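By convention here, the first residue in the shown sequence is residue 1. Every value quoted in this text rests on a predicted model; they were computed, and no experiment measured them.
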Amino acid sequence: MTKETPHHFDTTLLREYDIRGVIGSTLGPDDARAIGLGFGTLVRRAGGQRVAVGYDGRLSSPMLCDALVAGLAATGCEAIVIGEGATPMLYFATHHLSADGGIQITGSHNPPDYNGFKFVMGGAPFFGADIQRVGALAAAADWEIGAG
């Protein structure tokens, strides 16, 4: 395990069921990369490697996807980018592709300047304490860098 610089998320980002914020204000590409590092680390520590990634049609989604995938790749995870689609497509792809986890970049029902991330890991929901672990890993820079 290699240490990098810690990352601290805006206090409004880490929510019970997702990570969500305002693009350019509380959420940006550095956050997306840190999310990839954190989630990828949890996947690797659970013995996995493959993560499906999808995104919605918001203008900021491709930028967040690129940064997220870079973070996942840094941990040695294989990101399977399924492209633009609805969240249920990501859940289906995660199962169908036998991925160890999945992340959907989506602003859901929020205004256009919002975006965020929903997760699944090991075929189970990923929320609450799981999301808080991503934040704790970032704050400690406790990431599995180059674990592949």
Undergrad: May I have all residue pairs that pass side chain to side chain donor-acceptor pair (under 3.5 Å) and include part of residues 121-134, sequence neighbours excluded?
TA: Asp130-Arg133
Undergrad: Does anything in residues 58-80 pair up under ring-ring contact (aromatic ring centres under 6.0 Å, His included), and if so which pairs, sequence neighbours excluded?
TA: none
Undergrad: With Asp10, which residues qualify under side-chain hydrogen bond (donor to acceptor under 3.5 Å, both in side chains), at least two apart?
TA: Thr12
Undergrad: For His8 and Pro6, work out which heavy atoms get closest and say how close.
TA: NE2-CB, 4.0 Å
Undergrad: In residues 80-100, what donor-acceptor pairs under 3.5 Å come from side-chain atoms, sequence neighbours left out?
TA:
from: Thr94; atom 1: OG1; to: Leu90; atom 2: O; distance (Å): 2.9
from: Asp100; atom 1: OD2; to: Gln49; atom 2: N; distance (Å): 2.7
from: Asp100; atom 1: OD2; to: Arg50; atom 2: N; distance (Å): 2.9

Undergrad: Under 4.5 Å between side-chain heavy atoms, chaining through other members, with only Ile, Leu, Val, Met, Phe, Trp and Tyr counted: pull out the rest of the cluster around Tyr114, sorted by chain and number.
TA: Val22
Undergrad: Can you list the residues that meet the side chain to side chain contact (heavy atoms under 4.5 Å, CB included) rule with Asp18, with sequence neighbours excluded?
TA: Arg15, Arg20, Lys118
Undergrad: Should Leu13 and Leu37 be regarded as members of a common hydrophobic cluster, given that ILVMFWY residues are connected when their side-chain heavy atoms come within less than 4.5 Å of each other, either directly or indirectly?
TA: yes
Undergrad: Over all heavy atoms of both residues, which pair between Leu64 and Leu27 is shortest? Give the atoms and the distance, please.
TA: CD1-CD2, 4.2 Å
Undergrad: With ILVMFWY side chains joined below 4.5 Å, transitively, what does Leu59's cluster contain besides itself?
TA: none
Undergrad: Nearest 0.5 Å, please: how far is OG in Ser60 from CD1 in Ile23?
TA: 3.5 Å
Undergrad: Heavy atoms only: give me the nearest Ala79-Leu72 pair and the separation to one decimal.
TA: CB-CD1, 4.1 Å
Undergrad: Which residue pairs pass the salt bridge (charged side-chain N to carboxylate O under 4.0 Å, His left out) test with at least one member in residues 55-74, sequence neighbours excluded?
TA: Asp56-Arg58
Undergrad: To the closest 0.5 Å, what do you measure between OG (Ser108) and CZ (Phe117)?
TA: 14.0 Å
Undergrad: How long is the span from the OG1 atom in Thr75 to the CH2 atom in Trp143, to the nearest 0.5 Å?
TA: 11.0 Å
Undergrad: Not counting sequence neighbours, list each pair that qualifies as a ring-ring contact (aromatic ring centres under 6.0 Å, His included) and has a residue in residues 40-85.
TA: none
Undergrad: Test: ring-ring contact (aromatic ring centres under 6.0 Å, His included). Region: residues 26-46. Which pairs qualify, not counting sequence neighbours?
TA: Phe39-Phe119, Phe39-Phe126
Undergrad: Measuring from Ile19:CD1 to Ile131:CD1, what's the distance to the nearest 0.5 Å?
TA: 5.5 Å
Undergrad: With a cutoff of under 4.5 Å between side-chain heavy atoms, which Ile, Leu, Val, Met, Phe, Trp and Tyr residues group with Phe127?
TA: Tyr17
Undergrad: Given side chains that start at C-beta, do those of Leu137 and Arg45 come closer than 4.5 Å, heavy atoms only?
TA: yes
Undergrad: Same hydrophobic cluster for Leu68 and Val120, using side-chain heavy-atom links shorter than 4.5 Å among ILVMFWY?
TA: no
Undergrad: Quick one: side chain to side chain donor-acceptor pair (under 3.5 Å) pairs with a partner in residues 25-43, sequence neighbours left out?
TA: Glu4-Arg33, His7-Asp31
